[in-house]
Amino acid sequence: MSVAAAVETVDLAVTPLRELNQRLHDLASEPGPRHWRVVNPNGAHAIACGLDADVEVEIDGHAGYYCAGMNKRATVTVHGNVSTGVAENLMSGRVIVEGSASQSSGATGRGGLLVVHGDASARCGISMKGIDIVVRGNVGHLSAFMAQTGRLLVCGDAGEALGDSIYEARLYVAGIVNGLGADCVEKEVREEHLAEVRQLLAAAEITDVEPMSFRRYGSARRLYTFEIDNAGAY
Amino acid sequence: MATDAGWGLRESYLYDRRVIAEIQRAAREGIYDIRGFGAKRKVPHFDDLLFLGASVSRYPLEGYRERCATDVVLGTRFAKRPLELAIPVTIAGMSFGALSGPAKEALGRGASEVGTSTTTGDGGMTPEEREHSTLLVYQLLPSRYGMNPDDLRRADAIEVVVGQGAKPGGGGMLLGHKISDRVAAMRNLPKGIDQRSASRHPDWTGPDDLEIKLQELREITDWQKPVFVKIGASRTYYDTQLAVKAGADVIVLDGMQGGTAATQDVFIEHAGIPTLAAIPLAVEALQELGMHRQVQLVVSGGIRTGADVAKALALGADAVSIGVAALIAMGDNAPEHDEDYRALGSAAGFYDDWQAGRDPTGISTQDADLAARFDPELGGRRLANYLRVLTLEAQTLARACGKSHVHNLEPEDLVALTIEASLMARVPLAGMQQGLLDELADRVAVRLAEQTS
Ligand SMILES: Cc1cc2nc3c(=O)[nH]c(=O)nc-3n(C[C@H](O)[C@H](O)[C@H](O)COP(=O)(O)O)c2cc1C
């Protein structure tokens, strides 16, 4: 096996999290292994957050809060579930969760791709600012709250108040939407939107969901400037 | 009778002219009043406290000869690189968006000249601001506008904003006419629309989550930088203890008088507690945890003079920060702009429409022509002058109390002018003898014991 292809394994049962993250951060300025495997994550918080390097990190097990938070460039794959705020403020790169995710997945993300193969809980994509999020299962209530830009694609159902106070983000849901939030409306799916759905499914490597089954939601842009007649909606 | 301006006209206390005008405005416009500045009502404040100064039983330090140090280190608890300040006055977070680029630059210039820090705000960090600020604190706010890990690593400290004194529990609003192309791009939003800032953080709620959030921020920045937690003064005792438990290096406590760029008047005037009442609550919380001076306390909300600085420190703060006063020092509300202010329906000394973006001084605007009127070098120099005066005044008072460091000021150096201030600041009323206070305390204790038995 060549050195470049070697996998650097870090066992969080013996190595402190601080040491793991420091070694991963050092890759921003120094050469080092390109492929990492983290074993025994045991739900630790802030695993692989703040990365800024073209590396792949695989986490074998469940991760706690803010896994891969503020990631740039790296690909982080979790073979398990994650807790609150996975890939929060993602800048670029990819974060893939094979299990399910807790609240605020991809919160305020500004770029890159987050894929959750299970379900994501409440506030998925809250305040998103350019990230793409693909959820194979369902998302909870208040997802895409105040979503600014970027795209959220949900193959399952969406909980109450989807897209509340949404700005320019584009939402696609294949299943049932249990209510739209203030200023969020269903919009026509045109050819360019279908192309976008196909592209997101392809990026997430999801092949068994029919692109034609998605409906599109976005901002009615009625709350963009304050008007007293809309006061009840604020 | 309308011409009789004498005693025949009686203004209602309840419905004075300002109240009447506000009812009329509300009926006309159908929207609450949004404005800048801080609370305008009178609340107990540092003016209600006095220093005792030295006497026979205490001796003073010689002014100008004997040293009275002013240095402060913030973030000694966990950070590898604490913030070292030459003076105990810092510049509070004020957003690019609310303020113009040149105004932010001037804040950096002025603060850096005297060895203190400045702070970003809702809207992110601008390169000019970073360049001109030797020490820059980077705010993490609920909106996360402009938030990115590069700026986090470029910052000298991180401030997690939970609340502001002007609006504890409230979010923000940058009105559409201040959203220029640049502001819009930094915030990932369309130009010209109102920008609401959430009141809650998107990815944590409650003290246990906050602890994990702080851990993440430290991990991202390799435990180098101090992490501050900013709270609006309300349930200050509990908030302070919870922020310490969550791992804060520094508590930034903003009293209800604290300035704002754009908040509902009803919020500014009617929510939160005065700075004077909040400081002893925070100090008590820190002392109980054995963390006073281990976790530093930075206090803001109505700091205008060196006397205010000295009194805040005497009550137990490690440093103060200023917002409104810094803007005034740089030229806000200056008499030379009176004509322009009057054209906007205001006047020099009264202008508070910082939300409107039409500021004739070029400070609270995103209009390129208006902003170009503001000279950041001159503004920076004035701010530096003002910061020096605040420091000299605080030192003067500290020396008079016999202190070789401004941090040696203590509540024992203070008395209060009013019962309210005495109870809030927990210092005796001027002239009250300790014996009398002890007697009162004994009597109250007996009554309390009777009530609870
Ligand atoms: C123009 C202006 C903009 C402000 N922007 C922010 C902000 O973005 N974030 C924040 O935490 N506080 C903000 N504040 C509040 C200040 O950080 C600070 O708490 C307050 O101004 C202190 O009170 P003082 O103005 O009486 O000194 C702002 C205040 C002003 C005057």
Side-chain angles (χ1 to χ4, degrees), chain A residues 17-18 20-22 24-26 28 44-52 64-67 69-72 83-86 88-91 103-111 123 125-130 145-146 148-150 165 167-169 219 221 223-229 231 234, chain B residues 26-32 34 124 140-153 171 173 175-177 179 184-206 208-224 264:
Chain A
L17 175 77
R18 182 75 285 271
L20 167 68
N21 282 339
Q22 187 66 60
L24 291 170
H25 292 173
D26 290 343
H45 305 308
I47 299 177
C49 62
L51 268 55
D52 187 5
Y65 280 45
Y66 311 130
C67 180
M70 297 208 193
N71 179 61
K72 285 175 79 181
S83 189
T84 297
V86 62
E88 66 90 13
N89 217 85
L90 185 70
M91 300 298 291
Q103 299 193 38
S104 304
S105 302
T108 77
R110 297 183 62 185
R123 299 183 183 84
I126 182 171
S127 280
M128 53 197 278
K129 297 169 168 49
F145 174 66
M146 291 181 92
Q148 296 178 207
T149 63
S165 304
Y167 291 98
E168 294 295 299
S219 181
R221 304 190 179 96
L223 300 183
Y224 275 15
T225 44
F226 187 93
E227 277 174 48
I228 190 60
D229 297 327
Y234 281 93
Chain B
R28 203 168 49 242
E29 296 175 11
I31 177 174
Y32 39 43
I34 297 179
L140 180 103
L141 295 112
S143 72
R144 307 281 166 88
Y145 288 139
M147 172 50 57
N148 74 75
D150 298 327
D151 288 342
L152 210 54
R153 288 185 276 256
M173 171 87 102
L175 295 180
H177 35 257
I179 313 299
M186 278 179 72
R187 298 181 183 217
N188 307 88
L189 279 170
K191 188 182 174 182
I193 70 171
D194 292 349
Q195 295 188 357
R196 292 157 280 166
S197 298
S199 57
R200 273 207 317 259
H201 279 263
D203 56 357
W204 66 269
T205 27
D208 297 331
D209 283 8
L210 175 60
E211 183 168 353
I212 305 170
K213 189 73 204 172
L214 298 194
Q215 184 200 348
E216 184 210 10
L217 293 170
R218 290 191 192 281
E219 281 295 326
I220 290 174
T221 53
D222 297 329
W223 292 73
Q224 301 279 336
Q264 300 92 328

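Here is the naming used below: chain letters follow the sequence lines, and residue numbers restart at 1 for every chain.
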Any non-hydrogen side-chain atom of [X] less than 4.5 Å from a side-chain atom of [Y]?
X: A/Tyr65; Y: B/Glu216; answer: no
X: A/Gln103; Y: B/Thr205; answer: no
X: B/Gln215; Y: A/Leu17; answer: yes

- What option among A/Arg123, A/Glu168, A/Gln148 has the most heavy-atom pairs under 4.5 Å with chain B?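 Of the options given, most contacts go to A/Gln148.
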
- Item | chain B contacts, top residue of A/Thr84, A/Asn89, A/Asn21 (heavy-atom pairs, under 4.5 Å) |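 Answer, by heavy-atom pair count under 4.5 Å with chain B: A/Asn89.
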
- Which of B/Ala198, B/Gly146, B/Gly192 touches chain A most, by non-hydrogen pairs under 4.5 Å: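 Of B/Ala198, B/Gly146, B/Gly192, B/Gly146 has the most heavy-atom pairs under 4.5 Å with chain A.
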
- Examine whether an atom of B/Pro190 lies under 4.5 Å from a heavy atom of chain A, and if so say whether it belongs to the side chain, the backbone or both; otherwise answer neither.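 It is the side chain, since no backbone atom gets that close.
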
- Message: Less than 4.5 Å to any heavy atom of chain A: does that hold for the side chain of B/Arg153, its backbone, both, or neither?
- Response: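 Contact with chain A is through the side chain of B/Arg153 alone.
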
Please classify the contact between [X] and chain B as side chain, backbone, both or neither, with a heavy-atom cut-off of under 4.5 Å.
X: A/His25; answer: side chain
X: A/Asn71; answer: neither
X: A/Tyr167; answer: side chain

Find the distance between [atom1] ([X]) and [atom2] ([Y]) and round it off to the nearest 0.5 Å.
X: A/Leu223; Y: B/Ile193; atom1: CG; atom2: CD1; value: 10.0 Å
X: A/Met70; Y: B/Leu217; atom1: CE; atom2: CG; value: 6.0 Å
X: B/Arg187; Y: A/Thr149; atom1: CZ; atom2: OG1; value: 14.5 Å
X: B/Ile179; Y: A/Tyr224; atom1: CD1; atom2: OH; value: 12.5 Å
X: A/Glu88; Y: B/Met147; atom1: CD; atom2: CE; value: 8.5 Å
X: B/Glu219; Y: A/Leu20; atom1: CD; atom2: CG; value: 8.5 Å

- Query: How far apart are the closest heavy atoms of B/Ile220 and A/Cys49, and which atoms are they?
  - Reply: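 Nearest heavy atoms, B/Ile220 then A/Cys49: CG1-SG, 3.6 Å.
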
- Would you please name every residue forming a salt bridge (charged side-chain N to carboxylate O under 4.0 Å, His left out) with A/Asp26, sequence neighbours left out?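 If we apply the salt bridge (charged side-chain N to carboxylate O under 4.0 Å, His left out) test to A/Asp26, skipping adjacent residues, there are no hits.
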
- Message: Show, in sequence, the C-alpha distance, side-chain angles and deciding distance for B/Asp222 and A/Arg18, and conclude whether the side chain to side chain contact (heavy atoms under 4.5 Å, CB included) test is met.
- Response: CA-CA 8 Å; B/Asp222 297 329; A/Arg18 182 75 285 271; 2.7 Å; yes

- Message: Check this for me: does any side-chain nitrogen of one of A/Lys72 and B/Asp150 sit under 4.0 Å from a carboxylate oxygen of the other?
- Response: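 The answer is yes: the pair qualifies as a salt bridge.
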
- Item | Given A/Ser127, A/Ser105, A/Ser104, the one that forms side-chain contact (heavy atoms from CB on, under 4.5 Å) with B/Asp203 |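 Running side-chain contact (heavy atoms from CB on, under 4.5 Å) over A/Ser127, A/Ser105, A/Ser104 with B/Asp203 returns exactly one hit, A/Ser104.
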
